[in-house]
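First up is the structure itself, then whatever we jot down about it.
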Amino acid sequence: MVVMSRLLRAGPSTSPLISPRIACRLFSSFTSEITIHSPTSLIPNSINNNNSINSSNAKPLILRIEPHGRNVHWVFLGCPGVGKGTYASRLSKLIGVPHIATGDLVREELASSGPLSSKLAEIVNQGKLVSDEIIVDLLSRRLETGEAKGEAGFILDGFPRTVRQAEILEGVIDIDLVINLKLREEALLAKCLGRRICSECGGNYNVACIDIKGDDGSPGLYMAPLLPPPGCASKLITRSDDREEVVKERLRIYNEMTRPVEEFYQKRGKLLQFDLPGGIPESWPKLLQALNLDDQEDGQSAAA
Ligand SMILES: Nc1ncnc2c1ncn2[C@@H]1O[C@H](COP(=O)(O)OP(=O)(O)O)[C@@H](O)[C@H]1O
């Protein structure tokens with residue numbers, strides 16, 4: 001999918017970035033076995049007046065997921081620290097489609113000490129966004145590698161993050177559903193600062209205990225820490241961009257650059273608004289319910 005970067009260079013955003021004909025030709029091998037749903041067939045009953053779906057009052061989505069999740073082209077949106085990686089990764093295992101996180105692609109590139117490495121380190125450690133060109137190139141290469149391995153479908157996490165990225169994506173593939181995870185602002189900073197990663201297995205944990213008391217009719221919020229198993233406990237590291245001033249800048253940039261992406265998908269009737277009611281044990285079953293999915297192992301794994 002050298003395609004995306006080639007198309008990205010093709011012209012300013014005032015002209016169509018990608019002609020449907022080119023997109024169709026260039027993506028033909030990638031999409032040949034994929035059933036693409038129109039958004040209306042996917043979400044027939046639950047779109048509200050704002051053209052988005054609210055998980056609290058939505059009827060379950062009618063999803064027609066085919067074997068191995070072939071037709072799934074989903075996107076996770078949400079502020080830093082909200083849990084996009086956690087829920088995208090769980091859904092990807094459940095449905096059997098790859099979870100592709102552009103933040104992970106950036107971190108892999110950083111660790112590779114390739115030509116982009118020092119430039120990326122500077123951007124990421126200031127909490128800024130990498131350019132659309134670089135991120136589209138990283139994503140294109142990841143999709144190409146997956147395609148060569150026979151992957152079909154995906155759950156994207158962290159892309160698109162600008163309207164331009166959304167336009168590029170929309171021009172080449174029909175996204176079925178965009179899940180916008182939402183959490184109270186007070187919890188986001190604490191969740192980022194509490195995040196820990198096992199340097200050996202890559203497992204994600206969180207040592208923060210969020211306990212916001214409800215007042216004046218607003219509900220409280222409790223999120224238990226997600227502690228590592230004993231084998232990982234001595235190998236935990238913190239992401240270099242999970243420092244307070246950097247997290248605040250990431251939140252500011254999310255509001256400025258990525259909030260408009262929510263509107264972009266809302267206008268197209270693809271946005272599922274999902275308010276996280278608490279930690280994984282409370283939120284995972286509710287998310288599955290909103291997506292009309294079933295997790296047979298849910299009872300044992302909700303806290304994992
Ligand atoms: N789609 C994107 N566009 C631009 N920069 C990105 C994108 N995805 C990831 N990045 C870069 O990688 C960093 C880490 O991304 P991610 O792990 O998704 O963080 P977050 O916890 O802020 O959601 C971002 O702060 C940004 O610098």
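Read the numbers this way: they start at 1 and go in the same order the structure lists the ligands and their atoms.
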- Looking at ligand 1, does Arg195 have a heavy atom less than 4.0 Å from it?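 Per 4.0 Å heavy-atom rule, Arg195 contacts ligand 1.
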Hey, is [atom1] on [X] packed in by over 12 heavy atoms from elsewhere, all under 6.0 Å?
X	atom1	answer
Glu200	CD	no
Glu245	CD	yes
Lys235	NZ	yes
Glu170	CD	yes

If the threshold is 4.0 Å, N to carboxylate O, is there a salt bridge linking [X] and [Y]?
X	Y	value
Lys149	Glu144	no
Asp176	Lys270	no
Arg259	Glu262	yes
Arg250	Asp242	yes

Which residue holds the protein heavy atom closest to [atom], what is that atom called, and what is the gap in Å?
atom	result
atom 14 (C) of ligand 1	Arg107 NH1, 3.6 Å
atom 8 (N) of ligand 1	Thr102 OG1, 2.9 Å
atom 26 (C) of ligand 1	Lys128 O, 3.5 Å
atom 6 (C) of ligand 1	Ile135 CD1, 3.7 Å
atom 4 (C) of ligand 1	Val130 O, 3.2 Å

- Side chain of Ser283, backbone of Gly278: donor and acceptor closer than 3.5 Å?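 Yes; at least one donor-acceptor contact below 3.5 Å.
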- Where on Leu129 is there a heavy atom closer than 4.0 Å to ligand 1, on the side chain, on the backbone, on both, or on neither?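 Looking at Leu129 and ligand 1, atoms from backbone and side chain both fall under 4.0 Å.
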- Task: Under 4.0 Å, heavy atoms only, figure out whether ligand 1 is touched by the backbone of Arg239, its side chain, both or neither.
- Result: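 It is the side chain that gets close, since no backbone atom is under 4.0 Å.
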- Message: Under 4.0 Å from a heavy atom of Val124: which atoms of ligand 1 are those, numbered in the order shown and with their elements?
- Response: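 Those qualifying, in numeric order: 27 (O).
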- Can you list the ligand 1 atoms lying under 4.0 Å from a non-hydrogen atom of Lys84?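 In order of numbering, the contacting atoms are 23 (O).
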Using distance alone, determine whether [X] and ligand 1 share an N or O pair under 3.5 Å.
X	value
Pro80	no
Arg250	yes
Gln165	yes
Arg161	yes
Gly158	yes

- Query: Quick one: does NZ or CZ of Arg268 land under 6.0 Å from the six-membered ring centre of Phe264, within 45 degrees of the ring axis?
  - Reply: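 Checked: cation-pi criterion met.
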- Message: Counting only heavy atoms, tell me which of Gly103, Gly127, Pro160 gets closest to atom 15 (O) of ligand 1.
- Response: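 Nearest heavy atom to atom 15 (O) of ligand 1 lies in Gly103.
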